[in-house]
Amino acid sequence: MLQGPERYQFLKSWLQDLSDSLDDGWYNIIPFWLLLCIFIGGTTAYFMPDDFWTRRRDNASVVYAAILTMNGIILALSWGAFAKIYETIGTPHFSTFLKENGVLDKFLFFVSFEDADLRWQRVALGATIGFGMYAVKQAAGSVTVMHDLIRYRAIFDADKATRAGSVRLIRPETDT
């Protein structure tokens with residue numbers, strides 16, 4: 001019987017990525033962009049007037065709808081890069097090549113939320129704004145991932161006879 005694909009745990013992949021980033025310097029493991037976005041979102045939620053949350057709940061609903069709409073637009077705009085990533089990984093033998101050389105985990109992993117107190121509503125809004133802003137930053141980074149995969153694919157296709165060797169990083173800032 002055909003065995004199902006191995007599911008990588010988000011935490012395991014994230015910690016591995018942090019470990020790789022630590023090799024380039026301790027400051028690379030501090031998520032400065034995430035912290036800044038969460039701070040801005042939290043500050044925005046903190047300074048929202050109490051009436052926004054209590055007197056007319058439809059105000060908060062409109063704000064959440066606008067934020068979700070913006071997140072949907074961001075997802076739609078970056079979907080082309082995601083589609084190219086999966087198309088490239090899914091080509092015959094290329095995903096096996098990436099896995100054999102230990103780089104598949106860097107491109108592919110799987111991530112397997114009533115009435116609340118005013119304080120928790122502020123936390124939820126702050127987190128929504130912060131994570132939304134962080135999503136914009138990460139969506140922009142997906143283009144870099146797409147380019148890296150295309151470069152790896154070019155190396156793979158051009159070097160079929162000797163591809164049993166190792167994959168070398170081709171970005172100058174990460175070459176060793």
Side-chain angles (χ1 to χ4, degrees), residues 5-49 52-53 57-91 95 98 103-153 169-171 173-174:
E6 182 179 353
R7 295 184 61 90
Y8 295 96
Q9 295 179 348
F10 172 74
L11 185 59
K12 180 180 175 184
S13 296
W14 182 55
L15 291 174
Q16 178 64 40
D17 185 55
L18 281 179
S19 173
D20 293 345
S21 297
L22 185 60
D23 293 341
D24 295 332
W26 66 268
Y27 51 86
N28 286 326
I29 65 168
I30 299 172
F32 290 110
W33 281 104
L34 177 60
L35 295 175
L36 177 65
C37 293
I38 293 297
F39 174 76
I40 292 170
T43 302
T44 302
Y46 179 78
F47 285 109
M48 294 299 282
F52 175 80
W53 307 100
R57 288 192 175 267
D58 57 338
N59 289 338
S61 298
V62 169
V63 170
Y64 277 111
I67 292 170
L68 290 174
T69 301
M70 181 191 73
N71 288 343
I73 291 170
I74 293 166
L75 178 63
L77 292 175
S78 60
W79 195 255
F82 297 141
K84 189 65 176 174
I85 289 167
Y86 282 103
E87 176 186 327
T88 303
I89 288 174
T91 56
S95 58
L98 291 174
V103 294
L104 181 63
D105 295 355
K106 296 184 184 307
F107 298 110
L108 183 65
F109 63 88
F110 299 93
V111 179
S112 331
F113 295 134
E114 297 126 28
D115 195 22
D117 183 54
L118 177 62
R119 175 181 31 181
W120 291 112
Q121 291 181 37
R122 288 183 189 277
V123 168
L125 178 63
T128 302
I129 292 171
F131 285 125
M133 292 171 57
Y134 190 65
V136 170
K137 190 241 183 255
Q138 293 300 89
S142 68
V143 174
T144 302
V145 171
M146 178 186 64
H147 288 149
D148 287 349
L149 273 172
I150 290 171
R151 287 183 185 117
Y152 278 124
R153 180 62 194 260
L169 295 175
I170 56 177
R171 293 192 328 214
E173 68 272 10
T174 58

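The structure presented is a predicted model; accordingly, all values stated were derived computationally and were not measured.
Leu35 CG to Ile40 CD1: the interatomic distance, rounded to the nearest 0.5 Å, is 11.5 Å. How far OG1 of Thr128 is from CE of Met70: 10.0 Å, rounded to the nearest 0.5 Å. Note that CG of Leu149 and OH of Tyr86 are 11.0 Å apart. Values are rounded to the nearest 0.5 Å. Atom CD1 in Ile85 sits 9.0 Å away from atom CD1 in Ile150 (nearest 0.5 Å).
Note on residues 122-147: pairs passing salt bridge (Lys or Arg N to Asp or Glu O under 4.0 Å), not counting sequence neighbours, are Asp50-Arg122. Applying the salt bridge (Lys or Arg N to Asp or Glu O under 4.0 Å) definition to pairs two or more places apart or across chains, none involves residues 63-75. Sorted by first and then second residue, the salt bridge (Lys or Arg N to Asp or Glu O under 4.0 Å) pairs with a member in residues 66-84 read Lys84-Glu87; sequence neighbours excluded. Note on residues 59-74: no pairs pass salt bridge (Lys or Arg N to Asp or Glu O under 4.0 Å), not counting sequence neighbours.
For the side chain to side chain contact (heavy atoms under 4.5 Å, CB included) test, residues two or more places apart in sequence or in another chain that qualify with Thr43 are Phe39, Phe47. For Tyr46, there are no side chain to side chain contact (heavy atoms under 4.5 Å, CB included) partners two or more places apart in sequence or in a different chain. Residues satisfying the side chain to side chain contact (heavy atoms under 4.5 Å, CB included) criterion with Ile38, sequence neighbours excluded, are Leu34, Phe131. For Val63, the side chain to side chain contact (heavy atoms under 4.5 Å, CB included) partners two or more places apart in sequence, or in a different chain, are Phe52, Ile67, Leu125. With sequence neighbours excluded, the residues forming a side chain to side chain donor-acceptor pair (under 3.5 Å) with Thr91 are Arg153, listed by chain and number. With sequence neighbours excluded, no residue forms a ring pair (Phe, Tyr, Trp, His ring centres under 6.0 Å) with Trp33.
Residues Tyr152 and Thr88 fail the side-chain proximity criterion, which asks for heavy atoms closer than 4.5 Å.
Of all non-hydrogen atoms in Cys37 and Tyr134, the two that sit nearest each other are SG-N, 3.7 Å. Taking all atoms of both residues into account, the shortest heavy-atom contact from Ala45 to Gly126 is CB-N, 3.6 Å.
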